[in-house]
Amino acid sequence: MFIWEQAVKRLAYWASIDRDDVSISVNISVKDVYYIDLFETFTSLVEKYRVDPKRLKLEITESIFMTEKERQIDIINSLKEYGFLIEIDDFGSGYSSLNMLKEVPADILKMDMAFLSMDKNASKGRKIINTIITLAKALGMFVIIEGVENKEQLYYLSGTGADYL
């Protein structure tokens, strides 16, 4: 919670120097969902520091939905309705589910770098990247690809339609 407050303080500072174009993403862990009233915590922070909730992006991973999925979706929906942008983080690592894209009201899909490995399956990885980007775009999501490490990856990914690399 300390880090979340520091992020909101930084956003408030940036707003005070006319940098309302900058946002910060913060992670929400599985434990946070169970032990903290996320709605109360995040709404209180943005109200306390007078920050537009769209500037504090909330990153969730698929593991949050392993239990009590409906409860977690209700929490995410309430945060989204308040104005926060929801990011699905590390999509593609572990056991990614396309069903999650259907059920979770997320705004941004952050793809894991796992698909970028340049091994014997690179061709399949590129096809998967293209398909996921096309699907996310059809669902109205922004796409961020994490883990771009070299010029070859940058060159390839620049033409995929991802919003950020």
Practice item. Could you grab the distance from atom CG of Leu135 to atom CG of Asn130, nearest 0.5 Å is fine? Key: 12.5 Å

Review point. Once you round to the nearest 0.5 Å, how far does CZ of Arg71 lie from CG of Asp74?
Key: 9.5 Å

**Study point:** Beyond-backbone contact of Ile133 with Ile129, side-chain heavy atoms, under 4.5 angstrom
**Key:** yes

Check your understanding: Do Ile86 and Ile24 share a hydrophobic cluster (ILVMFWY, side-chain heavy atoms under 4.5 Å, transitive)?
Key -> yes

Check your understanding: Do NZ/NE/NH1/NH2 and the carboxylate oxygens of Asp163 and Lys110 come within less than 4.0 Å?
Key -> no

Check your understanding: Do Asp20 and Asp52 have side chains that get closer than 4.5 Å, going by heavy atoms?
Key -> no

Review point. Are any of the side-chain heavy atoms of Ile88 and Met141 separated by less than 4.5 Å?
Key: yes

Review point. After noting the C-alpha distance and the side-chain angles of Glu146 and Asp90, does the key distance pass the side-chain contact (heavy atoms from CB on, under 4.5 Å) rule?
Key: CA-CA 8 Å; Glu146 299 179 303; Asp90 294 332; 3.4 Å; yes

Review point. Atom NZ of Lys69 and atom CD of Gln72: how far apart are they, to the nearest 0.5 Å?
Key: 11.0 Å

Practice item. Compare all side-chain heavy atoms of Phe42 with those of Leu56 and state whether any distance is below 4.5 angstrom. Key: yes

Listing, residues 1-9 side-chain donor-acceptor contacts under 3.5 Å, not counting sequence neighbours, or none:
from : atom 1 : to    : atom 2 : distance (Å)
Trp4 : NE1    : Asn27 : O      : 3.1
Glu5 : OE2    : Lys48 : NZ     : 3.0
Glu5 : OE2    : Tyr49 : OH     : 2.5

**Study point:** Tyr34 atom OH, over 12 foreign heavy atoms within 6.0 Å
**Key:** yes

**Study point:** Path from Phe142 to Leu157 over hydrophobic side-chain contacts below 4.5 Å
**Key:** no

Exercise for review: Identify the heavy atoms of Pro53 and Val46 that sit nearest to each other, and give their distance.
Suggested key: CA-CG1, 4.2 Å

Exercise for review: Please tell me if the side chains of Leu58 and Leu85 come closer than 4.5 Å, counting only heavy atoms from C-beta onward.
Suggested key: no

Practice item. Check whether any side-chain heavy atom of Trp14 sits under 4.5 Å from a side-chain heavy atom of Asp21, and report yes or no. Key: no

**Study point:** Nearest-0.5 Å distance, NZ of residue Lys57 to CG of residue Asp89
**Key:** 12.5 Å

Check your understanding: Could you state the interatomic distance from CD (Glu87) to OG (Ser25), rounded to the nearest 0.5 Å?
Key -> 3.5 Å

Practice item. List the atom of Leu109, the atom of Ala136, and the distance in Å for their closest heavy-atom pair. Key: CD2-CB, 3.9 Å

Review point. Given the rule in the side-chain contact (heavy atoms from CB on, under 4.5 Å) test, do Val26 and Glu59 qualify, once you have shown the distances and angles that lead to the verdict?
Key: CA-CA 6 Å; Val26 295; Glu59 291 188 3; over 6 Å; no

Practice item. Determine, using the 4.5 Å side-chain heavy-atom cutoff (strictly less than), whether Tyr155 and Val143 are members of one ILVMFWY cluster. Key: no

Review point. If you take all heavy atoms of Ile73 and Pro105, which pair is closest and at what distance?
Key: CG2-CD, 4.3 Å

Review point. Can you list the steps and then say if Leu101 with Leu139 is a side-chain contact (heavy atoms from CB on, under 4.5 Å)?
Key: CA-CA 8 Å; Leu101 296 179; Leu139 296 172; 3.9 Å; yes

Review point. Same cluster or not: are Ile128 and Val148 linked, directly or through other Ile, Leu, Val, Met, Phe, Trp or Tyr residues, by side-chain heavy atoms under 4.5 angstrom apart?
Key: yes

**Study point:** Derivation of the salt bridge (Lys or Arg N to Asp or Glu O under 4.0 Å) call for Arg126 and Glu152
**Key:** CA-CA 12 Å; Arg126 288 179 176 198; Glu152 181 182 347; 3.4 Å; yes

Check your understanding: Any donor and acceptor pair, going by atom type alone, linking the side chain of Thr41 with main-chain N or O of Leu38 inside 3.5 Å?
Key -> no

Practice item. Check the hydrophobic clustering (I, L, V, M, F, W, Y; side-chain heavy atoms under 4.5 Å; chains of links allowed) and say if Ile17 and Val22 are grouped together. Key: yes

**Study point:** Ile28 CD1 to Ile76 CD1 distance, which is reported to the nearest 0.5 Å
**Key:** 5.5 Å

Revision key, fill the gap. Closest non-hydrogen atoms of Arg55 and Ala15, given as atom of the first, atom of the second and distance, are NH1-CB, 3.7 Å

Practice item. Taking the side chain as every heavy atom from C-beta outward, state whether Ile60 and Val104 have any atom pair closer than 4.5 Å. Key: yes

Exercise for review: Could you tell me which residues satisfy ring pair (Phe, Tyr, Trp, His ring centres under 6.0 Å) with Tyr82, sequence neighbours excluded, listed by chain and number?
Suggested key: Phe39, Phe84

Check your understanding: Looking at residues at least two apart in the chain, or sitting in another chain, which of them share a side-chain contact (heavy atoms from CB on, under 4.5 Å) with Glu40?
Key -> Asp37, Ser44

